[in-house]
Amino acid sequence: MVKHIKPGKTIGVLGGGQLGRMMSMAAKQMGYQVAVMDPTSNSPTGQVADYEITASYDDPEGAKQLLEASDVITYEFESIDLGVCEHLEENGYVPQGSDLIRISQDRAFEKEAITTSGGQVVPYHLVDHLEDLNEAVSVLGFPCVLKTRRGGYDGKGQYIIKNEETLVEAAELLEKGPCIVEKFLPFEKELSVMVIRSVKGETITFPVSENIHEDHILLQSIVPARITAEVEEKAKHTALQLAESINMIGTLGVEMFLTGDGEVFINEVAPRPHNSGHYTMDACNTSQFEQHIRAITGMALTEPKLHQPVVMMNVLGEHLSDVVQIIPNISNAKIHLYGKADVKPKRKMGHVNFIGDHTKELLQQIRDLGIWRH
Ligand code: AMP
């Protein structure tokens, strides 16, 4: 049943990080109230929400309060407690559903869903024991990548197996739980597509983003991606096909590898707005956060348009002091900080969108600033 949650009603957000904060800011602009549940008080989302529930993600009392406060509930990250999410779905209105969480919490379910949708994944094997690993590696060959099925992000819980010696070290990861091992793909580029699908089944895709990682953490997104129109279409089509196939509602961030011969493989999906979609906040007619709120509240979606080329740079703890000094003096740079009190190296503190007419000039401008040395 399609429900219309009108502006003025309350949106409950499970998780209080930066994605919840930017969702909430979009929702508040449209006149919604926001309730957030997070284990820490004054979280990035808590700072902008109307109601803050301080409770761990698996706390039934917290979940009860969130249900009471909210007309619709959304989540801003996938590591929430599946049981609590199912409970909220049964007793409240969670249009994204808990199945999306189940899929994205486990790389094996994720790969199955991608394959069923017609998308390509890098060849992989499920491995539970050292014997499975040895057998899989003898089929896949070196190098390959061992990843925990659950709980890995930003390169945590994964290991590149280059040869027999590193195989022994990698096997320690198996102690953390079931894993997958996949072929190491010498990709040309990493791309991502944000797909939004509303409760009415309407879909939109944002322009493809080209992503550069450093130490497995996203550093830079370049839009338009430096790819052919054909690859742009293929990437969007692949992402859309997956969203339809799993009957997804809300936002899906689809991360992909592009190979030298133009093949697109899906690496990972996120059932929420994604770091590589932050460029939409300043370079498009609408943002991923606005469209997410429109999708879950039953509003009509807006067809995204890119106004100008953009390069998004993540602000990690080590960049913060330079960013705060330098960026306010730059007219084409839009600063977004997440209100995190604890500054740590590698911690995502914010991002900056550089907007201009030419990607090459933007990249040169960023290099000249010397803030992001890579
Ligand atoms: P993931 O946690 O799966 O998103 O992986 C983090 C990063 O590791 C990716 O963004 C890639 O840069 C790299 N990576 C992961 N899997 C592979 C693979 N099969 N082949 C090559 N690089 C990979």
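Counting starts at 1 for both ligands and their atoms, in listed order.
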Checklist entry - Heavy atoms only: which of F257, F184, F265 is nearest to atom 14 (N) of ligand 1? => result F257
Atoms of ligand 1 close to [X] [distance to a heavy atom under 4.0 angstrom, numbered from 1]:
X	value
E182	16 (N), 17 (C), 18 (C), 19 (N)
K147	3 (O), 15 (C), 16 (N)
H216	6 (C), 7 (C), 8 (O)
N267	1 (P), 3 (O), 4 (O), 5 (O)
E190	9 (C), 10 (O), 11 (C), 12 (O)
Q158	1 (P), 2 (O), 3 (O), 5 (O), 6 (C), 8 (O), 15 (C)

Charged N to carboxylate O below 4.0 Å: is that the case for [X] and [Y]?
X	Y	value
R272	E76	no
R107	E268	yes
E244	R197	yes

Next on the checklist: Heavy atoms only, cut-off 4.0 Å: how does K183 contact ligand 1, side chain, backbone, both, or neither?
Outcome noted: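 The answer is the backbone of K183.
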Item to check | ligand 1 versus E110: contacting region, heavy-atom distance under 4.0 Å | outcome: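 Neither part.
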Checklist entry - Given H213, which of I217, D215, N211 fulfils the side-chain contact (heavy atoms from CB on, under 4.5 Å) condition? => result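 For H213, the side-chain contact (heavy atoms from CB on, under 4.5 Å) check succeeds only for N211.
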Next on the checklist: Among V315, L316, L320, D342, which residue satisfies the side-chain contact (heavy atoms from CB on, under 4.5 Å) criterion with R347?
Outcome noted: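 With R347 as partner, side-chain contact (heavy atoms from CB on, under 4.5 Å) holds for just one option, D342.
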Next on the checklist: ring-ring contact (aromatic ring centres under 6.0 Å, His included) for Y279 and H351? Distances and angles first, verdict last.
Outcome noted: CA-CA 9 Å; Y279 78 87; H351 66 273; over 10 Å; no
Checklist entry - Should L185 be counted as touching ligand 1, given the test is an N or O pair under 3.5 Å? => result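 N/O-N/O distance below 3.5 Å exists for this pair.
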Next on the checklist: Using side-chain heavy atoms (C-beta onward) and a distance below 4.5 Å, is Y57 in contact with D38?
Outcome noted: yes
